[in-house]
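Accompanying notes for the structure given below.
Remember, it's 1-based here, ligands and their atoms both numbered in the order they're listed.
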Amino acid sequence: MTLTVAGSINIDHVIRLPQFPRPGETLTGRDYRIVPGGKGANQAVAAARAGAATRFVACVGEDALAGSLVAGFAADGIDVSAIDTVAGVNTGVALIQVNDAGENTIALAAGANAELTPDRLARHAEALHCKQLLLQLEIPLDTNLAAARAAKARGARVVLNPAPARALPDELLALVDLITPNETEAERLTGVAVNDDAGAAAAAGALHAKGIAVVIITLGARGVWLSEQGQGRRVPGFSVQAVDTTAAGDTFNGALVAALQQDRPLAEAVRFAQAAAAISVTRPGAQTSVPYRAEIEALLE
Ligand code: ADP
């Protein structure tokens, strides 16, 4: 049985400028790139490159770039049969400005991602007959709920990366087997600030209380807080020279479920995922930075 990712596809338009334009101002940037993005897409790519048979449930619009995006997923070995092309809308878009200080602003338009409704999902019921389902929060919440319910009913492990940060209904959390917030997302979900190990333990405890068996709070360069059945510990990551942390979390999530798909024990899967994420931060970009299984295994040796 496959690993299924249901989630977003975005086209990222990235422009580099000395500083952000002020309201009403026009500034000429230095460099402009169109790159594939979206948390669902990044995580599906990470899972496939990490070696898992991956199916991706998503929507694109009827624009010129959509075809090349989907062809890119197929080239990574992803099963794209549940990616729908929706008439009359654009593919999801992120307009990203990066200034000389390395800060960014991001304006998102959900586009086709908003069309991944529970009704449309129901047309891809076979995709939810999976061993594991990986979800994020860039598609409608009702769809995530329906996907989690259907997959869980068929015995799948439901993994939720609760990003971007938002509060979530208990109904969804109760269906989740493994959750992977970063510090900000953990605080948004629980109200507990994750500034240190004690904060991580308290936030993990609050998530266990919602019915979630495994809580992994990602802590950037500090690694992760791994908590299972109320027993938590910090697991350090790999020490690398970071150049661009975009998609570190997405790489971690895709590689984690890929390792679990291969029935690796949880601690080993976390180590594999941290190795993948560490490699991704040494390279620029989102999907461009996602490593392949052989590279991950090489770092683990
Ligand atoms: P997000 O990108 O969602 O905010 P994090 O920043 O917590 O997620 O990063 C996810 C994982 O990526 C971390 O748990 C860690 O394993 C790895 N990682 C992130 N930043 C670094 C870094 N500077 N050096 C090594 N590993 C990193």
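- The list of salt bridge (charged side-chain N to carboxylate O under 4.0 Å, His left out) pairs with a residue in residues 193-202, not counting sequence neighbours, reads Asp197-Arg222, Asp197-Arg234.
- Going from atom CG of Leu256 over to atom CZ of Phe272 covers 10.0 Å, rounded to the nearest 0.5 Å.
- Of all atoms in ligand 1, numbered sequentially from 1 with element shown, those under 4.0 Å from a heavy atom of Leu219 are 7 (O), 14 (O).
- There is a side-chain donor-acceptor pair under 3.5 Å between Asn42 and Gln287.
- Under a 4.0 Å N-O distance rule, the pair Glu297/Arg264 qualifies as a salt bridge.
- Rounded to the nearest 0.5 angstrom, Arg49 CZ and Thr54 OG1 are separated by 11.5 Å.
- From the protein, the heavy atom lying nearest to atom 2 (O) of ligand 1 is Gly249 N, 3.2 Å.
- Considering both main-chain and side-chain atoms, Glu185 never comes within under 3.5 Å of ligand 1 through any nitrogen or oxygen pair.
- Asn99 places a side-chain N or O within donor-acceptor distance of the main-chain N or O of Ala101, the cut-off being under 3.5 Å.
- Residue contacts with ligand 1, taken as heavy atom pairs separated by less than 4.0 Å, involve Ala221 via backbone and side-chain atoms alike.
- Near Val224, with a cut-off below 4.0 Å to any heavy atom, the atoms of ligand 1 are 14 (O).
- By the criterion of a heavy-atom distance under 4.0 Å, neither the backbone nor the side chain of Thr251 is placed next to ligand 1.
- From the protein, the heavy atom lying nearest to atom 16 (O) of ligand 1 is Gln274 OE1, 2.7 Å.
- Contacts of Thr218 with ligand 1, taken as heavy-atom pairs under 4.0 Å, involve both backbone and side chain.
- Protein heavy atom nearest atom 24 (N) of ligand 1, with residue, atom name and distance: Val240 CG2, 3.6 Å.
- For atom 25 (C) of ligand 1, the closest non-hydrogen atom on the protein side is Phe238 O, 3.1 Å.
- Among all protein heavy atoms, the one lying closest to atom 14 (O) of ligand 1 is Gly223 O, 2.9 Å.
- A side-chain donor-acceptor contact under 3.5 Å links Glu185 to the backbone of Asn182.
- Under 3.5 Å, the side chains of Asp244 and Thr246 contain a donor-acceptor pair of N or O atoms.
- At least one donor-acceptor pair closer than 3.5 Å links the side chain of Asn113 to the backbone N or O of Ile9.
- Looking at atom 11 (C) of ligand 1, its nearest protein heavy atom turns out to be Ala277 CB, 4.0 Å.
- Of all the atoms in ligand 1, the ones that sit under 4.0 Å from a non-hydrogen atom of Ala242 are 23 (N).
- In terms of polar-atom proximity, defined here as any N/O pair under 3.5 Å, Asn182 does make such a contact with ligand 1.
- Closest heavy-atom approach to atom 27 (C) of ligand 1 among the candidates Gly220, Ala248, Gly237, Ala275: Gly220.
- Hydrophobic clustering, defined by side-chain heavy atoms of Ile, Leu, Val, Met, Phe, Trp and Tyr closer than 4.5 Å, groups Val281 together with Val240.
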